[in-house]
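A, B, ... follow the sequence lines: proteins, then strands. Residue 1 opens every chain. Computed from a predicted structure; not experimentally measured.
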Protein chains: 2
Amino acid sequence: MGTTQLETVPEPKYWHLKTVLTEALDSEFSVGEILPNERDLAARFGVARATLRQALEQLELEGRLQRRRGVGTTVAPPRMGVSVGSEQHAWPGGPHDAWHAVDCRLEVPPAALAEPLVIAADEAVHVVRRSRVSRGQPVASELLYIPAASVPDLSGIDAPSGAARARAVLRELQRMELERQENAVELGSAGADEARELDRLPGAPVLVVTTRYIARGRTAALSVATYRADTCRLTFGDSGGVEIHHGPERQAS
Amino acid sequence: MGTTQLETVPEPKYWHLKTVLTEALDSEFSVGEILPNERDLAARFGVARATLRQALEQLELEGRLQRRRGVGTTVAPPRMGVSVGSEQHAWPGGPHDAWHAVDCRLEVPPAALAEPLVIAADEAVHVVRRSRVSRGQPVASELLYIPAASVPDLSGIDAPSGAARARAVLRELQRMELERQENAVELGSAGADEARELDRLPGAPVLVVTTRYIARGRTAALSVATYRADTCRLTFGDSGGVEIHHGPERQAS
DNA sequence: TAGTGGTCTAGACCACCCT
DNA sequence: GGGTGGTCTAGACCACTAA
């Protein structure tokens, strides 16, 4: 008919919902405040629950919301900046290290890591598990792969495993001179064990930081660190990082 | 009854599906190969289409699959490494710059950027739009915010807008000495315009790299670059980055 | 035990791409 | 026009948390 048809592209409902909710978060909600439950929200907007959830999932991905099964959906605080791969060229376990060692075992690493580690596919390496906490919250979980060749004088260590052994292995590693390190960031999803350690559900989005420590022209250690993508902003380079704030978002009482 | 009950934690179906599909991708599929369509796959695994899609979405998030409406689902090649925030402290638009300028306009930036730019909330700045292509594919889209104070001698430039003006603005910027730069990476989702430029749907996951260029103690420019999270692995620091391969994954003919 | 978010189903229709 | 992935619905049940 003669109706003007400028609506050439009907925006998906969940996309429009996301926009509306974002504006509401910016103007009407405080950090930590609890949103109405999903069934109520869906009814209020006149959509199916699955459609509402699509919008909430995106907002959680962007770090605006936090959802917890059995509890509810809350407004998330701004992401915290965590520094990675600083230019200071330091071995893991050094004096200004934000990590704390949890465990150390001797294991065969995943096949995909054999090549960057320059070892045989079935060769066992020291695997140090570390975790990183910021503002009282777990933010990252790391697996450090250290070929036996990088820590040759480990015979005097008595601890067969555990945090004590982990620290001993890192101490040994620091006896070499670090040549340089290579870093990479990519998107991944949390495995079952990482999810537990990060207090998230399996499959949660994570930022995977891979660091190759190079000494004497060889890969002396390989770190695979998974950071919570919802709560973390990774800063690197000279220092600091840029603070981005959303709307007013008063602090909840 | 007396049935042994070791199945304490029933794994979600989509999680198990994802595992099965991952193994299949590693062993039985080639890069670029087309998977059966979603309805067939769902029927084959005996699940609803929505459940299958949950698994496919995760695999796409991890960069293992590529889905295109109207076309199908294909096996994605390994992510390509793109270097960001290298230690070489260079202005944007310098000689070894991977970007190419598209446009330049004078606009008021989003309110959230007024503070890091150290300008008034309603002050207009030069906004240079640039894009980055790698291996024939668009990988990133950037908005560069440059306060007028950073390019004082712009009067001689005749081009009122467009790529020519963008290049002129960048040339002017390079006359200052760069003190240092601060970088940050976080997870985001593509807006409508970024999605178009990156050849993705709105809401697609992206890695947002924020760079603050500092000269004479002030923020001389602020870059917000969004990289396709599905196809990119960001490398930074000394150089290179770590190559991680999945399974055999022969190249498709 | 009540209420929350997480998983799952079996449909339907739409937007897009190719031929 | 036929086939693909993208969106949406209206239900159901489950796993978890807290009172």
K.L.:
Can you find a donor-acceptor N/O pair under 3.5 angstrom joining the side chain of A:Arg39 to the base of C:dG3?
P.N.:
no
K.L.:
Can you check whether B:Gln54's main-chain N or O pairs, donor with acceptor, with B:Glu57's side chain at less than 3.5 Å?
P.N.:
no
K.L.:
Do A:Asp193 and A:Arg129 meet the salt-bridge criterion of a basic N to acidic O distance under 4.0 Å?
P.N.:
yes
K.L.:
Which ones in residues 41-54 of chain B lie close to DNA chain C, meaning a heavy atom under 4.0 Å from one of its atoms?
P.N.:
B:Val47, B:Ala48, B:Arg49, B:Ala50, B:Thr51, B:Gln54
K.L.:
Give me the residues of residues 12-21 of chain A where at least one heavy atom lies under 4.0 Å from an atom of DNA chain D, by number, or none.
P.N.:
A:Pro12, A:Lys13, A:Tyr14
K.L.:
Salt bridge or not for B:Arg200 and B:Glu60, using N-O below 4.0 Å?
P.N.:
yes
K.L.:
If the threshold is 4.0 Å, N to carboxylate O, is there a salt bridge linking A:Glu142 and A:Arg132?
P.N.:
no
K.L.:
Could you tell me whether B:Arg130 and B:Asp97 have a side-chain N and a carboxylate O separated by less than 4.0 Å?
P.N.:
yes
K.L.:
CG/A:Leu143 to OG/A:Ser223 distance, rounded to the nearest 0.5 angstrom?
P.N.:
8.5 Å
K.L.:
Using a cut-off of strictly less than 4.0 Å, decide whether B:Asn37 has a side-chain nitrogen or oxygen near OP1 or OP2 of D:dG3.
P.N.:
no
K.L.:
Hey, does B:Leu201 reach any base, or is it just sugar-phosphate, or nothing, if we go heavy atoms under 4.0 Å?
P.N.:
sugar-phosphate
K.L.:
Run the salt bridge (Lys or Arg N to Asp or Glu O under 4.0 Å) test against B:Arg228 and tell me which residues pass, sequence neighbours left out.
P.N.:
B:Asp230
K.L.:
Should the pair A:Arg64-A:Glu62 be classified as a salt bridge under the 4.0 Å nitrogen-to-oxygen rule?
P.N.:
no
K.L.:
OP1 or OP2 of C:dG5 less than 4.0 angstrom from a side-chain nitrogen or oxygen of A:Thr73, does that happen here?
P.N.:
yes
